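Okay, handing you the structure first.
Basis for what follows: all heavy atoms, side chains included, without hydrogens, waters or symmetry-related copies. Here the structure is a predicted model, which means the values were calculated and not measured. To find a chain, count down the sequence lines: A is the first, B the second, and so on, and within it residues start at 1.
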Amino acid sequence: MSIYDTLNKEQREAVAATQGPLLLLAGAGSGKTRVLTHRVAYLIQEMGVPPWNILAITFTNKAAGEMRERVDSLVGAGSSQVWVATFHSTCLRILRRYIDRLGFDNHFTIYDTDDQKSLVRDICRRLQIDTKQMREKEFMGAISSAKDQLISPTEYQLKAMGDFRLGKIASVYLAYQEELKKNNGLDFDDLLMKTVELFKACPEVLEQYQDRFRYIMVDEYQDTNTAQFELIRLLAGERRNLCVVGDDDQSIYRFRGANIRNILDFEKIYPDARVIRLEQNYRSTGHILEAANAVIRNNAGRKEKTLWTSREKGSRVRFRQFENGYEEAEFIAEDIARLVKRGQTAYGECAVLYRTNAQSRLLEESMVTMGLPYRVVGGVNFYARKEIKDILAYLKTVDNGRDDVAVKRILNVPRRGIGDTSLDRLQSFAQARNISFFEALEEADRVPGLGRAGTKIAAFVEQIRVMRTKARIYGIKELIRDVIESIGYAEYLRDQDGDEEETQDRLNNLEELMGKAAVYSQTHEDPTLSEFLEEVALVADIDSLEGESERVLLMTLHSAKGLEFSQVYLAGMEDGLFPGYLSLPSGDSQDMEEERRLAYVGITRAKDQLTLTCARTRMMRGETQRNAVSRFVREIPGELLDSSLPGSYWEPEKEMEREAGEREPVPAYDFRPRAFLRSRATAQENKPFIAQGIGSLNRIAGISKGVGEIRLEALDYGEGDRVNHTKYGEGTVLKIDREPRDYKVTVLFDRAGQKIMYASFAKLKRVP
DNA sequence: GTGCCTGCTCACGGG
DNA sequence: GAGCAGGCAC
């Protein structure tokens, strides 16, 4: 039996269609990664293609990591020579080798969003553009989308003729590119654009890569932008052994230039392309899939396809509406705890997905309160954190002083008494002599008007020199530790944060960075600081999802693409949040369709059970907003839903009557769907709700009781005792309620206020 | 040059 | 609600 026997007919066809252009329309959960990995294996094992002739491109590091793993385990020996990478890292590797042909130094630095912003700000100041009238963001967005479409500053200028705003953008764009070049920097979009430029300018380089990458596969093709498409088209060249895999229904990156036409028009560009559709879904139960189909059906302009599954119908899609975001979050944590207790699922099988990162906080809090193991994926990019960027800026400066942005960043971190005035003087000195900022620092005694700052600058330069000496002996990890200690960074953080907990978080992040450095040093034969810094530049999140099988995952819908979970919770299903308020007024425009595709992505992540939740009111932009149930929920036919509030969840008129002020505050454990109250307890509705036992709440919420597995152990603390919680610190136990399967403990924390939690999860320690 | 206060803007997503 | 930029006092 061969490894290909487990594939269905279409999948096998796709695996064997190795020559010429192939468009693989792969619906959600139809096993596209399986096809891709088997295709790699087939090329190597059956077609005798050397592994290094194969290129598999993905969008995210996560996808690349997963693909790598699966290729490794399927192909075995030689698999490491298959080039599996993201667009950006592929370009990075190419440019590191050849960008000198475009007049850049091969040791260019990568500008992240922060660096971009400060660069744009400098330029606006220089060009005397009032950033109150045109914001930096507007420029950044315009520049980025120009690059996505491979529009050069000069072309932009031509296009902008006669338009004031566009003209401004064009001049900022031009200055921005000049500045980048001067600083030997590239931003993320440049990685793609410059690679295309390189290929067009140097046919011999292109030929070399065409010869190397004889078989190209592109995952998530629906998300490619013009630059990426051009890159692929160039690489595929005359051989055209190009296999693109995508699902137009899952195109969710229009905001960063994804051109859905790339997939819709693939057959126009490659008229002889084979098209294979994968429509059998192996992931979700019937009800979940039907719900997904019902939602996506509302989009116009898609390639028609109907996903089907041979799996059972499964349980219906649950829908719950809550009074506010707290109750929603609490329900989710509570529900997961309950399912795990009953042995119906494991933490690692559950994922909570949301539209905006801002939603993660409440969910996270409820996880902490319930004591559930969880992890937030994404959020603030690890390498974008202040403390990480500070230390990396030191390392960059130690490695070479060429990165002006990095040097400027740390010159006064920690405080050295070198302020803006000195910085400006140094800057103009450097500019006049055409030397780097760090070189200007080294010659600070020749810079006019520095005064007392001069000594401080000399001390800083000396400090860097000492670090450079140490860098020759120390490993990267030791170097990081030494940098942190010698600049007194921990003290600086304590000073800045004022909050010990925050400082500790930051220090922990730095420990993580050291861990990362250690791993790097161990896994590379000849580890260098330069290479480490280069590698780190493109990584979004420090750790992969490996070894996370024991935790509930919290992430945005965008990060969830490509993943699957037994239990999926989609939180915040409200008009105004999801779909976002920006896409609402435009009705059924492109924006709304993209939101709907995102909903489709979310729904199709679920294998066995899908739960949709929303809140009637939610804190947004500092004010409480009332939101209607998301239209995406309403697009799901009622018979697929288990809402335990029949027909009552959508009542816009009633929404209008309700004033925020007329409601009494609700106790923490009132997580019942509010609509239930309305149908059941009309007259009494506004009376404060007195917390009932969880069991009865379950019954109210329409959830049957399961058999408890948890043994009731005696607690070593009682009412009035002082206890310690890992996150909230110390507090006093106010109340302990015995529940059928656990104790419910009410604690008044000194810092965090009153919380209610389950003893078996919260692991409270008695303070002697 | 620094620290504090105020007021403003932004919460949509990633490499 | 939070983070940041700008203004102001020391």
Base, sugar-phosphate, or nothing for A:F59, non-hydrogen atoms under 4.0 angstrom?
->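 It contacts sugar-phosphate atoms only.
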
Interatomic distance at C1', C:dG6 relative to B:dA11, whole Å =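 Approximately 22 Å lies between the C1' atom of C:dG6 and that of B:dA11.
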
Charged N to carboxylate O under 4.0 angstrom, A:R233 versus A:E230?
->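 Salt bridge present between A:R233 and A:E230.
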
Just checking, is any N or O donor in the side chain of A:E364 or A:Y374 under 3.5 Å from an acceptor N or O on the other one?
->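 The criterion, which ignores hydrogens and geometry beyond distance, is satisfied for A:Y374 and A:E364.
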
Distance between the P atoms of B:dG13 and C:dC4, in whole angstroms?
->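 B:dG13 and C:dC4 have their P atoms separated by 16 Å.
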
Gap between atoms CD and P, on A:Q116 and B:dG14 respectively (whole Å) |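 Going from A:Q116 (CD) to B:dG14 (P), I get 15 Å.
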
Given atom CD of A:Q625 and atom C1' of B:dC10, what is their separation to the nearest angstrom?
->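 To the nearest whole Å, that distance equals 13 Å.
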
Have a look at A:T113 and say if it touches a base, only the backbone sugar-phosphate, or nothing, with a 4.0 Å heavy-atom cut-off.
->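 Touches a base.
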
Would you indicate what A:R121 reaches in the nucleic acid, counting non-hydrogen atoms under 4.0 angstrom: base, sugar-phosphate, or nothing?
->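 Contact class for A:R121: sugar-phosphate only.
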
Rounded off to whole Å, could you give me the NZ-to-C1' distance for the A:K194 and B:dG15 pair?
->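 It works out to 18 Å between those atoms.
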
Short N/O separations, protein against nucleotides 11-13 of chain B, under 3.5 angstrom:
from, atom 1, to, atom 2, distance (Å)
B:dA11, OP1, A:K137, NZ, 2.2
B:dA11, N6, A:R621, O, 3.4
B:dA11, N1, A:R621, N, 3.0
B:dC12, O2, A:R355, NH1, 3.3
B:dC12, O2, A:R355, NH2, 2.1
B:dG13, OP1, A:N357, N, 2.7
B:dG13, OP1, A:N357, ND2, 3.4
B:dG13, O4', A:H558, ND1, 3.3

With A:D575, which of A:R626, A:R618, A:R631 fulfils salt bridge (charged side-chain N to carboxylate O under 4.0 Å, His left out)?
->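 When salt bridge (charged side-chain N to carboxylate O under 4.0 Å, His left out) is applied between A:D575 and each of A:R626, A:R618, A:R631, only A:R631 qualifies.
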
Please list, chain by chain and in numerical order, all residues satisfying ring-ring contact (aromatic ring centres under 6.0 Å, His included) with A:F532, sequence neighbours excluded.
->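 ring-ring contact (aromatic ring centres under 6.0 Å, His included) list for A:F532, sorted by chain: A:Y520.
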
NZ/NE/NH1/NH2 to OD/OE distance under 4.0 Å, A:K117 and A:E136 |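 Between A:E136 and A:K117 there is no salt bridge, as every charged N stays at least 4.0 Å from the carboxylate O atoms.
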
For nucleotides 1-8 of chain B, print each protein N/O atom paired with a nucleotide N/O atom at under 3.5 Å, atom names and distance only.
from, atom 1, to, atom 2, distance (Å)
B:dG1, OP1, A:G419, N, 3.3
B:dG1, OP1, A:S422, OG, 2.7
B:dG1, OP2, A:T421, N, 3.4
B:dG1, OP2, A:T421, OG1, 2.4
B:dT2, OP1, A:G417, N, 3.0
B:dT2, OP2, A:N412, ND2, 3.1
B:dG3, OP2, A:R415, NH1, 2.6

Any ion pair linking A:E595 and A:R355 (charged N to carboxylate O, less than 4.0 Å)?
->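 Judged by the 4.0 Å cut-off on N to carboxylate O distance, A:R355 and A:E595 do form a salt bridge.
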
Using the six-membered ring wherever Trp is involved, compare the ring planes of A:Y253 and A:F59 and label them parallel, tilted or perpendicular (cut-offs 30° and 60°).
->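 Ring orientation of A:Y253 relative to A:F59: parallel.
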
Residues forming a salt bridge (Lys or Arg N to Asp or Glu O under 4.0 Å) with A:R97, sequence neighbours excluded |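 Partners of A:R97 under the salt bridge (Lys or Arg N to Asp or Glu O under 4.0 Å) test: none.
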
Range on DNA chain C touched by chain A - first to last nucleotide, heavy-atom distance under 4.0 Å =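 With heavy atoms of chain A under 4.0 Å away, the range is C:dG1 to C:dA5.
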
Answer yes or no: side-chain N or O of A:D189 and base N or O of B:dG15 forming a donor-acceptor pair under 3.5 Å.
->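 Such a pair is found, so the answer is yes.
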
Test side-chain contact (heavy atoms from CB on, under 4.5 Å) on A:N225 and A:Q149 and set out the steps.
-> CA-CA 7 Å; A:N225 61 32; A:Q149 298 169 66; over 6 Å; no

All ring-ring contact (aromatic ring centres under 6.0 Å, His included) counterparts of A:Y492, not counting sequence neighbours |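 Checked A:Y492 against ring-ring contact (aromatic ring centres under 6.0 Å, His included); matches are A:Y489.
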
Is a side-chain donor or acceptor of A:R597 paired with a backbone partner of A:S251 at a separation under 3.5 angstrom?
->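 Yes, A:R597 side chain to A:S251 backbone: donor-acceptor pair under 3.5 Å.
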
